[in-house]
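Working notes, structure below.
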Amino acid sequence: MDFQIDPADEALRVEVREFLRTHLPADLAQRGASGFHPLRADQRRWQRILFERGWGAPNWPTEFGGTGWSHLRQFIFDEECALAGAPVTDHGGLRMFGPVIYTYASSELKARLLPAILRGELFWGQGFSEPNAGSDLAALRTRAERDGDHYIVNGQKIWTTGAHTCDVIGCLVKTNPEAKQRGISFLCIDPQSPGISIRPIIDIGEGYSLNEVFFDNVRVPVDNLLGEENMGWTYAKAVLENERATSAEVPLNKRKLAQLREIVQRECSNGERVIDLPGFAQRVAQLEVDLRALEWLTLRALTEKSGGTSLPYGSLLKVRGSELLQRIGEMTVEALGQYGLYVYAEPEENTITAWPMGPDYAPGVTADFMYRRAATIYGGANEVQRTIIARSFLEL
Amino acid sequence: MDFQIDPADEALRVEVREFLRTHLPADLAQRGASGFHPLRADQRRWQRILFERGWGAPNWPTEFGGTGWSHLRQFIFDEECALAGAPVTDHGGLRMFGPVIYTYASSELKARLLPAILRGELFWGQGFSEPNAGSDLAALRTRAERDGDHYIVNGQKIWTTGAHTCDVIGCLVKTNPEAKQRGISFLCIDPQSPGISIRPIIDIGEGYSLNEVFFDNVRVPVDNLLGEENMGWTYAKAVLENERATSAEVPLNKRKLAQLREIVQRECSNGERVIDLPGFAQRVAQLEVDLRALEWLTLRALTEKSGGTSLPYGSLLKVRGSELLQRIGEMTVEALGQYGLYVYAEPEENTITAWPMGPDYAPGVTADFMYRRAATIYGGANEVQRTIIARSFLEL
Amino acid sequence: MNFNLTEEQHMLSDSVRRFLENECGLATGRDNKSSDQWAKIAELGWLAIPLPESVGGLGGGAVETTLIMEEFGRVLAVEPFCAIGVVAAQLILAADSRQAEVLLPQLIAGNFRPIVAHHEHEARGVIEHVSLQANAHGDKWLLSGRKSLVVGANAANRFIVSARTDGDLRDRAGITLFSIACNAPGLQQNNIRLIDNRWAAELIFDNVEVSAMNVLGEVGEGYRAIDHAYAHGLLAQCAEAVGVMEQALWITRDYIKTRKQFGVALNTFQALQHRMAEMLIELELARSVVYRSLAFIDAPTDERNAALSLAKIKIGQAVRFVCGQAIQLHGGIGVTEEYSIGHYFKRAMTIENELGSSHFHLAQLADLELRKSVAWVRE
Amino acid sequence: MNFNLTEEQHMLSDSVRRFLENECGLATGRDNKSSDQWAKIAELGWLAIPLPESVGGLGGGAVETTLIMEEFGRVLAVEPFCAIGVVAAQLILAADSRQAEVLLPQLIAGNFRPIVAHHEHEARGVIEHVSLQANAHGDKWLLSGRKSLVVGANAANRFIVSARTDGDLRDRAGITLFSIACNAPGLQQNNIRLIDNRWAAELIFDNVEVSAMNVLGEVGEGYRAIDHAYAHGLLAQCAEAVGVMEQALWITRDYIKTRKQFGVALNTFQALQHRMAEMLIELELARSVVYRSLAFIDAPTDERNAALSLAKIKIGQAVRFVCGQAIQLHGGIGVTEEYSIGHYFKRAMTIENELGSSHFHLAQLADLELRKSVAWVRE
């Protein structure tokens, strides 16, 4: 056992921090820190900057242009980016589909897709959930029927993040309607294809990142199949397995707690800082406790090999990480006083200027808090995670 | 709607308080306030005093020697008794079996049993639960088979409060093993009968109030049947219905909170009262909030007629009342510092003197806190109550 | 002690509910106009009901207010009944009985729509926090400073402003009430929508001139009336929260009985059943503290305020839990703007944060705990 | 960074577990005798493992201590390993390196069983709280005052007492450590059983005479060693709590898989499954803060103590929840003295309350929050 961080890992942290200080454009960082949904244009600029530094894909192996970093180094990188307010990079391309592509796809697809993702020229929408297949993903019903060298896709996806601004939608579709999990395939679909219609879903933060996507006889070239037909469930599981150590969103939680700390120090009541009001310091301290516990559970998950008797880290982390995000948000809204109750409309440009009222740290806080009510729902509702923990690990 | 208490009810409170001040013996009050299980001898003395005042059975109609008080008045009486530290009266005789007797039993049994209960000459053990029939009471298996003018009882009861000191055990028994709920009867059994053996159960507070009772061909006169054969389930339901408004144990919670307040004012740290240490006052205030909310929910239950669309008050109150008891207890143990960790053995006499160490309010606090871990279990576990609420009222 | 509605109270509840359900939908307030419904609301007599007959009211009281507000909560109505019919009306009533006889009949008729501009950003629940200055200038007053979170300002045709004419920032003495036209020179009004679709304003006063005639009550004596008005406002808001919770609970109940996952209806999952049981418990405890507050609303100020703080703590905790879990049990659809349930949560958040958060009120109660002596405890 | 046990660490865990399971059962401490097992424990070398080679130890450290303590927690052992092998040993090590070379080999051998008498009733977690007075009297010292909650005192053959030779009640300077025979004239020892079946004592000092030779370290300089020793003690206790929780969790898991109610095994109820999932989450978060503390145990004092406070908060909250719910899921049998699970809860309560409750430590962390500047926050 060794609980000290490796000096080389610590050196990477310093390097990343310095890079962010010098290369992260201020206008991007301002929006990134605000809590509003990221803009695609910002993500594009930032991905290009990272790509040029060689950090375009921290989680990919070097042979595909990734960094080849350990999980721990990826985590350090994510933390520093979050704390600096860097735009969220394309989760779909880098985390969910990229690994499926370099592991399972044809070399033709690898060559076509991976460099474009790395350079920030190919952004992905995630077409997993359906109206009746949320936490129960295997119940999905969107069908892809083979017709020559095309699939004909019919059905509906929901909660498709960024469908309205992405270059490709990565979909899970039923290629064998008889089988349940074994009949699922990964298909890349051009959102401009005829037969696709996209309906915005506005979230309760009044932000727009989600969509419903309807497929009406959409023709998709067979070449766009990722890996083998009917193997999608296996791939999806592998993807989700990659996610297990990051599901507490510790980097995001750290940024949010830092923001709360700044607000309770800056906001005043009768000349006193809000942090000095009764109970506030203890509440912040409690959040710190819970965040640190999550951080170290994450470190365990990052450095421990996954295996048969291993803890279901992803589920443990998901439950508490999402709850923490909501608790920090709730206290931040309270700390803002009236400014926590104002609607600051989501700006359509990255520079946030000239808000009608309030301090510059107010806009976006409540919008994000509202959106994060979904944190305990998306990615497998916390109730589902508890069942997974009980069944898989406790064998109940 | 009228939210003010009736002056006549308020006058009763004053009268009860004055009576307690003048008639409750100090040695009884000391033990009563301590948290240790009540002694039968104390209960006997106190019941006699109450009987002489005409308050032997606050919840019975006047025709059977009760006070005929409204539910609200009974509640006021209970509150004052609890706050004064009066011994708990015989729950079995007064609350559980008395009402069944005066409502359903033969006039012979009424005459034999009711006056004796009133005078404190007949104490009851409660033989409801069995090892495999706890929260699922209808699963009980103790059988009573008719043999001439006797029943032959075989089986086992558990959690039988006071079986070792009572004059009669009120049992639920199966008289028709074919039927489930419809085969249950109420039987009064003399604990001295041949064939009965009693095994103490020591609780984790190291107190002794509970027992296992084994019945091996115990002969019980048929005269000891309460009401009709096989109607026990109906009676039990009626009994439990009577309990619904008191299941939050607000009087007990009030006494416990008053005790906590006294302790955090008297205990000191470096010259400062414990209540002045960070966070303590807010925690006490939160307990006060939750107690007052429960008190007023209880007042609603007391004054509202029960009926088809009525809230399942008993379940609502049981869940939060038992939780509150545990929360108050936990904080009281903490407030006592080291004295909360000492074992003060349950004294066998009512005068509690010469404790080895610590202030006079310390003995019994932790014993009671430990015993009350059962509060969320006994009387139908809180999980069962939540199911009742969900099914009966929310129709889920 | 009797928790049953009288027949009149039943009728009031029913009629308010019917009107609001039919005429005031969810989220009607996104466009910033003063409510179309105000004339109808006045016509229905709701503004008269809680006020004494001496000012043209119907002689009801706080009980009737809570019944009305519960219905407002149920449909998430945005009409400023609480701001005008409760806070402003009670303020005028308590501040100046002569003026009340003139102004309240007009308020009841719906022509006079005063909004109290009292809250300031740094107050954070402290009622006596007034920094806006009023300086005597001949027989006039000049007001300078800021007010914020003036809820319902978009519907106002008059502001009643608390200003400091004497004393320090949080002194109870030295607060004076002024009645001011909405378009007074030097007064800038910035409207902003709140997350629950009500509208509020920040008001910036730059030497706004007010004549001595427009002082409400006595100079320097405004605190008592403000305290009274906000006590009634807080109670009204607690009652509103009960309506919010109740409706959120039943919407959720109905939803999980129909929605399926893993092949079965959600309501068959015990974890969800138990969650809903907890929601019901919290709702009914919250309702109980509203009743308790009604028992204290006319009690001496300290007792009343302690009871209201207690209520606000329970209500704030309950409404966040119930409405938060209402979203949770809905799943994804609960987080969308076009479905109703998320709006219940947003109203919950404004209720929690508007008149002092539950944490603020807990600190108030904690202060009382510290002042209790052992003798008191023993009594 | 590596959370895997080395082979030696695995072997240590296994052998400690095997011995304790076989030789030390549940609740062996109800009769007040010094443990029969101590000689065997010494023989097994556990006392040597965490100590440096310079004092005859095996050169392990805090990691090995936590491994051993976790096993103690698992079986609820009452042997005073923490009191002697951790707190007293670390105190001697930090107080006086010369004495350490003499005393610790004897401690390791099991002959020397020192117990630190430091806690006083009003301390409530404050380490520097020392009121017991030591007054110079020629070349001797006279000690008067009280110590309490001296856990393991029944096994002691020597007390190490903290006393004030200078300064005010909570000054860090002016605390001196004295080594005192258990039967010193003027020393009264009242033993009392704790709820978790360990034994503690109250010690009453009435002009107990101590020679200058028996001062440990420098006069007035005892605080640093006490702080060091209690840091290690707190960490050991946190590790013990992890063992307590883990065992309570699996006992409960096994129980609900066999116990039936309403005709089906309890483990089929989703509400109970989810409760157990919550218990596992809390257990693993608690384990994680123990690991984090190990990363800080040799850090500068302020950082170390902040990390330990953080750990204690999480541990205290987790252990109460896990062990409380372990009882709840058992139902009635969980509340009986003869079944094991209630004892896990009782150990949980002593852990929570012995070295400063989680509320005390939360207040410590809150103080740190107040001292953070915006600049710090931004960094």
Side-chain angles (χ1 to χ4, degrees), chain A residues 129 131-136 138-139 158-159 201-208 210 267-272 274 277-280 283 326 330-331 333-345 355-358 366-367 369-378 381-384 386-387, chain C residues 30 119-126 129 131 148-149 151 169-170 190-198 200 202 259-263 269 271-272 275 320 324 327-339 341-343 345-346 349-350 352-354 357-360 362-364 366-367:
Chain A
S129 295
N132 288 300
S135 288
D136 180 15
I158 195 167
W159 317 126
I201 299 174
I202 306 302
D203 63 62
I204 56 172
E206 303 197 18
Y208 175 24
L210 306 168
E267 283 291 305
C268 283
S269 174
N270 194 18
E272 234 183 347
V274 163
L277 298 180
F280 271 84
R283 288 161 67 199
Q326 295 177 350
E330 184 171 284
M331 187 170 173
V333 169
E334 180 185 346
L336 282 174
Q338 72 211 29
Y339 305 122
L341 304 181
Y342 291 177
V343 173
Y344 295 98
W355 289 105
M357 304 157 209
T366 304
F369 168 64
M370 288 297 162
Y371 174 69
R372 299 293 175 184
R373 293 312 302 183
T376 47
I377 297 167
Y378 58 54
N382 284 11
E383 289 79 9
V384 174
R386 290 193 194 95
T387 296
Chain C
R30 202 176 267 210
H119 177 267
E120 298 181 10
H121 176 52
E122 291 208 359
R124 290 189 171 273
V126 178
H129 181 104
S131 75
S148 62
L149 205 62
V151 178
L169 183 53
R170 288 189 171 179
N190 299 325
N191 289 319
I192 188 155
R193 185 161 54 88
L194 301 183
I195 54 171
D196 66 349
N197 287 323
R198 292 181 304 159
E202 300 207 344
R259 169 81 179 168
K260 286 186 178 180
Q261 196 132 38
F262 301 103
F269 290 103
L272 306 193
R275 194 85 51 81
R320 278 181 284 145
I327 290 181
Q328 183 68 21
L329 297 191
H330 273 81
I333 195 175
V335 194
T336 63
E337 186 75 355
E338 68 186 315
Y339 189 77
I341 204 72
H343 296 274
F345 182 74
K346 292 203 261 190
M349 292 307 292
T350 60
E352 164 61 356
N353 287 300
E354 194 183 335
S357 69
S358 38
H359 296 283
F360 167 80
L362 188 63
Q364 304 295 105
D367 273 349

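In the text below, chain A, chain B and the rest are named by the order of the sequence lines, each starting its count at 1.
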Seminar exercise, completed: Heavy-atom nearest pair, A:Glu334 first then C:Ser357, reads OE2-OG, 2.6 Å
Exercise. How long is the span from the CZ atom in A:Arg373 to the CD1 atom in C:Ile341, to the nearest 0.5 Å?
Worked result: 12.0 Å
Problem set entry | chain C contact via A:Glu267 - which portion, at a heavy-atom distance below 4.5 Å | side chain
For this session: Tell me, for A:Ile202 versus chain C, whether the close heavy atoms (under 4.5 Å) come from the side chain, the backbone, both or neither.
Result: both
Problem set entry | With C:Glu354 via side-chain contact (heavy atoms from CB on, under 4.5 Å) - residues at least two apart | C:Leu149, C:Val151, C:Arg198, C:Gln237
For this session: Would you sort out whether A:Leu277 and C:His359 count as a side chain to side chain contact (heavy atoms under 4.5 Å, CB included), showing the intermediate values?
Result: CA-CA 10 Å; A:Leu277 298 180; C:His359 296 283; over 6 Å; no
Problem set entry | Taking every non-hydrogen atom, the tightest pair across A:Ser269 and C:Arg170 | OG-NH2, 2.9 Å
Problem set entry | Interatomic distance, A:Tyr339 atom OH to C:Glu202 atom CD [nearest 0.5 angstrom] | 5.0 Å
Exercise. Which bit of A:Ala375 comes within less than 4.5 Å of chain C, counting heavy atoms only: side chain, backbone, both or neither?
Worked result: neither
Problem set entry | Segment of A:Tyr371 engaging chain C (4.5 angstrom heavy-atom cut-off) | backbone
Exercise. Any side-chain heavy atom of C:Ser148 sitting closer than 4.5 Å to one from A:Tyr342?
Worked result: yes
Exercise. Does any non-hydrogen side-chain atom of C:Phe269 lie less than 4.5 Å from one of A:Glu383?
Worked result: no
